Novice: 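Okay, handing you the structure first.
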Protein chains: 2
Amino acid sequence: MLTHTEENYLKVIYHLSQTEDEGISTNAIAQKIDTKASSVTDMIKKLKEKKLITHERYQGVFITTLGLQTAKMIIRKHRLWEVFLVNKLNFNWDEVHDVAEELEHIKSEKLINALDAFLGFPKEDPHGDPIPNSKGEIPYREKELLTETKINHKYMCVGVKDTSAAFLQYLDRQKIALGSTFTVLKHENFDHSVTILFQENELTLSKVVAHNLFVKKI
Amino acid sequence: MLTHTEENYLKVIYHLSQTEDEGISTNAIAQKIDTKASSVTDMIKKLKEKKLITHERYQGVFITTLGLQTAKMIIRKHRLWEVFLVNKLNFNWDEVHDVAEELEHIKSEKLINALDAFLGFPKEDPHGDPIPNSKGEIPYREKELLTETKINHKYMCVGVKDTSAAFLQYLDRQKIALGSTFTVLKHENFDHSVTILFQENELTLSKVVAHNLFVKKI
DNA sequence: ATTAAATTTTAGACAAATCTAAAAATATTT
DNA sequence: AAATATTTTTAGATTTGTCTAAAATTTAAT
Ligand SMILES: [Mn+2]
Ligand SMILES: [Mn+2]
Ligand SMILES: [Mn+2]
Ligand SMILES: [Mn+2]
């Protein structure tokens, strides 16, 4: 049985492993968890003891198959609870993260599977992130960043890379939501901003924004 | 901000206070929490420090107004989550307690009020226990134990005093649920069992059972 | 009113999760 | 290759919640 803290560390290690084939560094983990490297070293020993990760001194951390499976179950819970909050309790997509961060630690297989069924087995959370099924399988969905799109093609917004409240609220103000469709008009070479035709208006999105919006050609 | 443990202690103290006007003894708390008296003494100091209880050495514990209000909010959460599990996720009434024991510690005012609304502002949980509203007001409902009923009157089952899975499963086997109606036929003087006419059959319930069933005259 | 029994508190220890400061190992510059 | 900088680990301390064993206090019994 894992503590909340162990689960939070494992989730961070899982996410860092997604974009890194070398060992995950102590510092990288410390930065994500917002703690000290020495605390991470302590926790690494515990997770290693529980066979969730492997680790050699100074060599970085690798997640094991068990760790991977465990992490995916925590992420499954996090994302299902987010769907519940948005679809059933009318939370906005910028309000769900902190609560889901707590709810993801509730330990009941029956609960999470019943919740999954109650929500109609959703494939994605309110930020467009895929929800692992009860076996830990993650549904794949084609998507690319807005920065990588081709001009004069039509796209649909299918996810956000940055899930911070600040970014989500910015999108709300631009009326951009998951499912929004638009045509890419121009990629500005100078500042890498992207101009789109959205709801009959031209809208220019900065590189920061474009680089955090997942879209799909339609 | 209270820890899960502090909240669990406070809830136990609240419940013990309901049937006791003297101070709550260290041992009584220890027994409910399933811990040692010395641990309780330690926790008493913390709860006193936070003004949730008052305490003089060897004199037992009294809950304060702040402690009372805080306890009621935890109980509100516990019971609302139980309603959610039974009404929305199809849990049986004997399966909800342990999960609710975890869910009650999730800290979000918005969440619990949204859940309350989503459930249609229920007045009682799946065991017939009243749900405090957002102000901490507890709806009153007339009820008495089956042992205190009068013969030849009709009653409706409105609650259980013992909420253990074992008792709830016993009631399931007898087909007795909240809302069930019956006529009291006889109080047996010798063993204090109660015979009722329920669904056209005579059913004799032992003292233990009758003393844990709340009913209301109809 | 003593004595005996039960309850409650204190003292000291331990595991979990954190921190600071210092040491050890690795990586980067010159 | 040596010197310097960075990263990582260790050592030792702190807080929370728990425990055992012993002391203090209250309650019950003789
Ligand atoms: Mn979390
Ligand atoms: Mn999400
Ligand atoms: Mn609890
Ligand atoms: Mn209940």
Side-chain angles (χ1 to χ4, degrees), chain A residues 1-13 16-17 19-63 67 70-71 74 101-102 104-105 107, chain B residues 1-14 16-17 19-63 67 70-71 74 101-102 104-107:
Chain A
M1 189 70 103
L2 302 183
T3 65
H4 290 198
T5 313
E6 287 170 334
E7 291 192 342
N8 287 336
Y9 270 90
L10 187 62
K11 206 162 52 117
V12 161
I13 292 167
L16 289 171
S17 300
T19 51
E20 178 71 70
D21 355 290
E22 320 253 322
I24 308 304
S25 77
T26 302
N27 260 359
I29 299 167
Q31 191 236 309
K32 285 278 179 190
I33 302 269
D34 193 27
T35 190
K36 305 289 156 165
S38 54
S39 304
V40 174
T41 303
D42 289 343
M43 183 55 80
I44 285 172
K45 287 176 190 153
K46 287 170 199 152
L47 296 178
K48 187 183 176 182
E49 182 66 32
K50 295 191 178 184
K51 312 267 191 209
L52 297 162
I53 58 173
T54 58
H55 180 247
E56 299 302 323
R57 289 165 83 238
Y58 294 97
Q59 296 310 123
V61 161
F62 293 87
I63 195 161
T70 308
I74 303 163
E101 202 58 46
E102 288 190 57
E104 71 189 357
H105 304 294
K107 274 151 188 92
Chain B
M1 190 70 107
L2 303 182
T3 64
H4 289 198
T5 313
E6 287 170 335
E7 290 191 344
N8 285 336
Y9 271 89
L10 187 62
K11 206 162 52 115
V12 162
I13 292 167
Y14 170 85
L16 290 170
S17 299
T19 51
E20 178 69 70
D21 356 292
E22 321 250 322
I24 308 304
S25 77
T26 301
N27 259 0
I29 299 167
Q31 191 236 309
K32 285 278 180 190
I33 301 269
D34 193 28
T35 190
K36 304 290 155 159
S38 54
S39 303
V40 174
T41 303
D42 289 342
M43 182 55 78
I44 284 172
K45 287 175 190 156
K46 288 169 197 153
L47 296 178
K48 187 184 176 183
E49 183 66 33
K50 296 192 176 183
K51 313 270 190 205
L52 296 162
I53 58 171
T54 58
H55 180 246
E56 299 301 323
R57 289 166 80 236
Y58 294 99
Q59 296 309 123
V61 161
F62 293 88
I63 196 162
T70 307
I74 304 164
E101 201 59 45
E102 288 189 57
E104 71 188 357
H105 303 294
I106 304 291
K107 274 155 187 88

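Quick caveat: nothing in here was measured; it's all calculated off a predicted structure. Lettering follows sequence order; numbering is per chain, from 1.
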Novice: Among the candidates C/dT18, C/dA16, C/dA11, find the nucleotide nearest to the side-chain atoms of B/Ser38.
Specialist: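 Nearest listed nucleotide: C/dA11.
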Novice: At under 4.0 Å between heavy atoms, what does A/His55 touch on the DNA or RNA strands: base, sugar-phosphate, or nothing?
Specialist: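 If one applies the 4.0 Å heavy-atom cut-off, A/His55 turns out to touch the sugar-phosphate alone, with no base involved.
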Novice: Does A/Glu6 come within less than 4.0 Å of A/Lys11, counting only side-chain N to carboxylate O?
Specialist: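 Judged by the 4.0 Å cut-off on N to carboxylate O distance, A/Glu6 and A/Lys11 do not form a salt bridge.
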Novice: Go through C/dC19, D/dT8, D/dT18 for me and flag the one nearest to the A/Ala37 side chain.
Specialist: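 Comparing C/dC19, D/dT8, D/dT18 against the side chain of A/Ala37, the answer is D/dT8.
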Novice: Name the nucleic acid region contacted by B/Thr5, choosing base, sugar-phosphate or nothing; use a 4.0 angstrom heavy-atom cut-off, strictly under.
Specialist: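 Sugar-phosphate: the residue B/Thr5, judged by heavy atoms under 4.0 Å, touches backbone atoms but no base.
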Novice: So which nucleotide from C/dC19, C/dA17, C/dT8 ends up closest to the side chain of A/Glu6?
Specialist: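 In terms of side-chain proximity for A/Glu6, the closest of C/dC19, C/dA17, C/dT8 is C/dA17.
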Novice: The side chain of A/Tyr58 lies closest to which of these nucleotides: C/dT26, D/dT10, C/dC19?
Specialist: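 It is C/dT26.
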Novice: Is the shortest side-chain N/O distance from B/Arg57 to OP1 or OP2 of C/dT10 below 4.0 Å?
Specialist: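 So the side-chain polar atoms of B/Arg57 do come within 4.0 Å of the phosphate oxygens OP1 or OP2 of C/dT10, strictly under.
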Novice: For DNA chain C, determine which residues of residues 26-33 of chain A have any heavy atom closer than 4.0 angstrom to one of its atoms, and list them numerically.
Specialist: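 Here the set is empty: none.
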Novice: Would you kindly give the CG-to-C1' distance between A/Leu2 and C/dA17, to the nearest whole Å?
Specialist: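 Between C1' of C/dA17 and CG of A/Leu2: 15 Å.
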Novice: In terms of relative ring orientation, are B/His4 and A/His4 parallel, tilted or perpendicular, with 30° and 60° separating the classes?
Specialist: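 B/His4 and A/His4: perpendicular rings.
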Novice: B/His55: which residues meet the ring pair (Phe, Tyr, Trp, His ring centres under 6.0 Å) condition with it, sequence neighbours left out?
Specialist: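 Once residues adjacent in sequence are excluded, B/His55 has no partner under the ring pair (Phe, Tyr, Trp, His ring centres under 6.0 Å) criterion.
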